[in-house]
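The next block holds one structure in the form of structure tokens; read it before the comments.
Computed from a prediction, not measured in an experiment: that's the story for all the values here. Protein chains get the first letters and strands the later ones, always in sequence-line order, with residue 1 at the start of each. Reckoned from all heavy atoms, side chains included, excluding hydrogens, waters and symmetry mates.
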2 protein chains.
Amino acid sequence: MTRKADRDQIRRQNRSIILKALRRQGPIARIDLGQITHLSPATVTAITSDLLAQGLIEGIESEEPKAPQSRGRPRSLLRINPDAACVVAIRLSVNAIDMSLANFAGETFLNKRVPFDSASADAASFPMLLIETIETFVGEAAVQPDSIREIGVAAQGVVDKGSGMVVWSPAFAGRNIPIVAPLTKAFDAECILSNDTNMITEALHWIDPARYSDTFAVVMLDYGVGMGLYLDNRLFEGANGMAAEFGHSNHIPGGALCRCGKRGCMEAYLSDYALVRAATHLPETTDPKEINAGVAGLAALIARADQGDNDALTAFASAGRVLGYGLARLLAILDPKRIVLTGAAMRAFRFMEASMYRGLEEALVEDLRQNYEIDVMPWNEDFIRRGLVAQAMDRLDKDYLGTETRKIASPRNRGAAA
Amino acid sequence: MTRKADRDQIRRQNRSIILKALRRQGPIARIDLGQITHLSPATVTAITSDLLAQGLIEGIESEEPKAPQSRGRPRSLLRINPDAACVVAIRLSVNAIDMSLANFAGETFLNKRVPFDSASADAASFPMLLIETIETFVGEAAVQPDSIREIGVAAQGVVDKGSGMVVWSPAFAGRNIPIVAPLTKAFDAECILSNDTNMITEALHWIDPARYSDTFAVVMLDYGVGMGLYLDNRLFEGANGMAAEFGHSNHIPGGALCRCGKRGCMEAYLSDYALVRAATHLPETTDPKEINAGVAGLAALIARADQGDNDALTAFASAGRVLGYGLARLLAILDPKRIVLTGAAMRAFRFMEASMYRGLEEALVEDLRQNYEIDVMPWNEDFIRRGLVAQAMDRLDKDYLGTETRKIASPRNRGAAA
DNA sequence: CAACTTTTTTTCGGACGTCAAAAAAATAAT
DNA sequence: ATTATTTTTTTGACGTCCGAAAAAAAGTTG
């Protein structure tokens, strides 16, 4: 049954809408906030004065109003108080921990990459390592630890949102690495673990909501194969937060050997090692662990294809056809209005494109191939961070319901404390 | 961006919750409504007196209070006014139009099946036929036509919710049969076209929300293969209302010939004709149109399997394995917590079960096979009607926002008009 | 330079929703 | 008849949004 509604809810939602608008539209006057949110000026004033009192936003006393000649009372601009909160975004990838600090305006003000040894990282050792790495990072930033309100972690592979563990990931030797529990305990902050491609999906929605809304899928071909789903205008993560494992959905029964041990997974045809395996005429049963591919191997293969190397071209063409079949299955099952292709392998898209469309055509009846578009998105590592930050901001906005804000720290020497 | 919230919304939602509780829990006292909905007694009184004034619900002046010995003011029960509205539920299947009339309490009070000739039904002829069939049916029911507020239509095959057309269906010879536009024009009622398996999904949620909520999938093996998806606690229909075409998602590239013309669709291994084709050793490329299967052929095949016929048993075992692969793909992509198997072919489930689980195991890495259950649901034709009615009730509840109700007709001679 | 115009922001009063508490209603128990 | 008990309704308070009016803060004009 749907939950009952009460008046708290409506204030909370409207506050959150205003915060989101402020974060997105930069400094803005109350009147324009009303336009954007469809709230009356009276309501905007009420809510913003609340937010001002809480210190979540601040007025700009700018000496230079940009529009010099305009009658009437000049607009007084509002903006998010960047120092009202602080979030940490962490990406766990092979041999590297990427960390970022972002303020309440959603701006990243510090990044750091720390290498670690994926091959030896397991459930026993990694959590402690991660905590120490974060503590060092936060210490260097001269941020008061208690101003950190959210920690978002993205990992490649299978993550279980319920238990807050990385079930399996190429970034770790071990399995079932607990992340959320140790971090929550070590830091006084909400911690949330997400799949990396889901964060790309969230980032796309944040960056261009007009284009990336409603129902779309993101497929990432990189080190491994990832997917993110935005369904009915929200990120879909499945009952256990494990959805969108496109890479391990089966393509051919008994087919090529996958890193997961099964035969015929999409990943076994599309990922870095699969492409290298195909291009070097290794049998499909070659153990992926014995193939030295990775993003570097992929890049080398793309270079060969660029020079017209036939093996490379054939490998990409075959992968394209498999991709076409995979997308056809997505279209049949989910009817998305858009599919976004991204990841390092997309630099080779021109070698896959024709066969991909051929695969799509072979695999799916025309009636179901009518209303969709495919975007090819240049790969941008930054997307994962932006998705993490966007998600954290969303959670922060909803957290600051009516409760008094915690003491607001000033991580850096910002002058503008009204 | 999320929509702004205002207080209309909250009243609407709480009204709708109360109506839903009344419909589900039968006659009930205000105090219990408060318990169920978590609304205060004051609010319950306010909302119910509103609904009473609108004639959507009515009090019961029962002479016999069921519980004879109890102190205190006796509870005065409320119930939905069944005559407040009337909906038509229509199922279009091969050679038959099934129609039902249901009242505002969600009770069906009249059913009728009218045969028609699917082989000659196309976009030009069918809409008129359907309108006339409905008009006759409604006429026989002695229902004032203007008390009909919603018409729900379910069809097998590919339906386009946006355009309100049946793109392709085994029930029709033609394609792109308009349904919503003609019916909306002919009757002064909202009309909505849905996929039949989606309605089964909706019905399951209505009948047992505790079990069928959050994220689950329904797979129907019958005449053709259908799927319904309930994701994040709502029916998912895709960007164009065409989602969940599991039957035409590809299983084997270049595989068995499907009714849709493509090769290797799930349907080409799982549906009636596929099973008959396999059991009679016809080549996989045999045109489905030349196979006389249908639900009757399927029943015959099940009978053969019951008697230990080897061809039949092998056919079911192979289909089971294919089904296992299909479910594995669903698990990988959507991570549902439950999969419901239904349809006429489920009477043969015991012949498919072992190979289905084998297929699941072959196709999907164990990590992704941890947290789900499979239900096998005896097939019940009634589900589609119940889903249609449940959907119509939902829409009605939300329609009766603050607007005055239309004049309430009394279709039958009901005494209880307070 | 004072009055007018224009635009933004704030204030005020009204309407409406929920809720807690009090009152009323209806019956059983004494 | 009176008291006790339980349900329902009423009342009053509080919170929210909105429209209208007022106030504020400029520029423009005579």
Side-chain angles (χ1 to χ4, degrees), chain A residues 2-18 22 27-53 57-78 401-403, chain B residues 3-18 22 27-53 57-79 401-403:
Chain A
T2 334
R3 270 202 111 52
K4 75 162 182 188
D6 60 13
R7 72 197 163 289
D8 281 16
Q9 233 169 56
I10 116 178
R11 195 49 175 289
R12 211 173 322 173
Q13 177 161 346
N14 287 343
R15 280 167 62 101
S16 145
I17 288 173
I18 284 190
L22 275 162
I28 187 174
R30 290 173 180 76
I31 185 118
D32 295 323
L33 271 178
Q35 291 277 322
I36 292 173
T37 60
H38 303 109
L39 292 165
S40 71
T43 305
V44 173
T45 291
I47 292 179
T48 52
S49 55
D50 240 40
L51 296 173
L52 279 165
I57 66 176
E58 57 190 16
I60 291 184
E61 317 90 47
S62 95
E63 293 72 35
E64 293 305 301
K66 300 306 177 296
Q69 65 263 51
S70 87
R71 268 145 87 105
R73 179 173 176 171
R75 2 189 96 189
S76 74
L77 303 183
L78 298 171
L401 34 138
T403 49
Chain B
R3 269 201 113 50
K4 76 164 180 186
D6 60 12
R7 78 199 158 284
D8 280 17
Q9 230 170 56
I10 118 177
R11 192 49 172 285
R12 214 174 318 174
Q13 177 162 344
N14 288 343
R15 282 167 60 101
S16 143
I17 287 173
I18 283 190
L22 276 162
I28 188 174
R30 290 171 180 76
I31 186 119
D32 295 323
L33 272 178
Q35 291 279 320
I36 292 172
T37 59
H38 303 109
L39 291 164
S40 72
T43 306
V44 173
T45 292
I47 292 180
T48 52
S49 56
D50 238 41
L51 296 172
L52 278 165
I57 66 176
E58 56 190 18
I60 291 182
E61 319 88 43
S62 94
E63 293 72 32
E64 294 307 300
K66 298 307 176 298
Q69 64 266 49
S70 89
R71 268 144 89 103
R73 180 172 176 172
R75 11 190 86 185
S76 75
L77 304 182
L78 298 172
R79 71 166 160 224
L401 36 138
T403 48

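In this structure, R11(A) reaches the dC17(D) phosphate: one of its side-chain N or O atoms is under 4.0 Å from OP1 or OP2. The side chain of T43(B) contributes an N or O atom lying less than 4.0 Å from OP1 or OP2 of dC19(C). Checking the phosphate oxygens (OP1, OP2) of dT10(C), a side-chain nitrogen or oxygen of T45(A) falls inside 4.0 Å. OP1 or OP2 of dT16(D) has not a single side-chain nitrogen or oxygen of N14(A) nearer than 4.0 Å. Dashed line: the shortest gap from a side-chain N or O of R73(B) to OP1 or OP2 of dT8(D) is not under 4.0 Å. Under 4.0 angstrom from either OP1 or OP2 of dT9(D) there lies no side-chain N or O belonging to S49(B).
Side chains of Q13(B) and I10(B) form no contact here, defined as non-hydrogen atoms less than 4.5 Å apart. Taking 4.5 Å as the limit, some side-chain heavy atom of D50(A) sits within range of a side-chain heavy atom of R15(A). Annotation: side chain of K4(A) is not in contact with side chain of T37(B) (no heavy-atom distance under 4.5 Å).
In this structure, CG of L39(B) is placed 15 Å from P of dT8(D), rounded to the nearest angstrom. For the pair I60(A) CD1 and dT9(C) P, the interatomic distance rounds to 12 Å; values are reported in whole Å. Counting to the nearest Å, the C1' atom of dC17(D) and the CZ atom of R7(B) are 5 Å from each other. Put simply, CG on D6(B) is 13 Å from P on dT18(C), counting in whole angstrom units. The CG-P distance, from D8(B) to dC16(C), rounds to 10 Å in whole Å. With rounding to whole Å, R30(A) atom CZ is found 14 Å from dT7(C) atom C1'. To the nearest angstrom, P of dT16(D) lies 16 Å from NZ of K4(B). R71(B) places its CZ atom 9 Å from the C1' atom of dT30(C), with the value rounded to the nearest Å.
Projected onto DNA chain D by closest heavy-atom contact, G72(A) and A42(A) fall at different nucleotides, the more 5' of which corresponds to A42(A). Across the interface with DNA chain D, nearest-nucleotide mapping of T48(B) and P41(A) shows T48(B) to be the residue nearer the 5′ end.
Counting any heavy atom pair closer than 4.0 Å across all strands shown, A29(B) reaches sugar-phosphate atoms only and no base atom.
Between L52(B) and G59(B), the shortest heavy-atom contact is CD2-N, 3.8 Å.
For I31(A), whose side chain is taken as the heavy atoms from C-beta onward, the closest listed nucleotide among dT9(C), dA26(D), dC19(C) is dT9(C).
Tested against L22(A), the residues I36(A), I28(A), I17(A) include a single side chain to side chain contact (heavy atoms under 4.5 Å, CB included) partner, I28(A).
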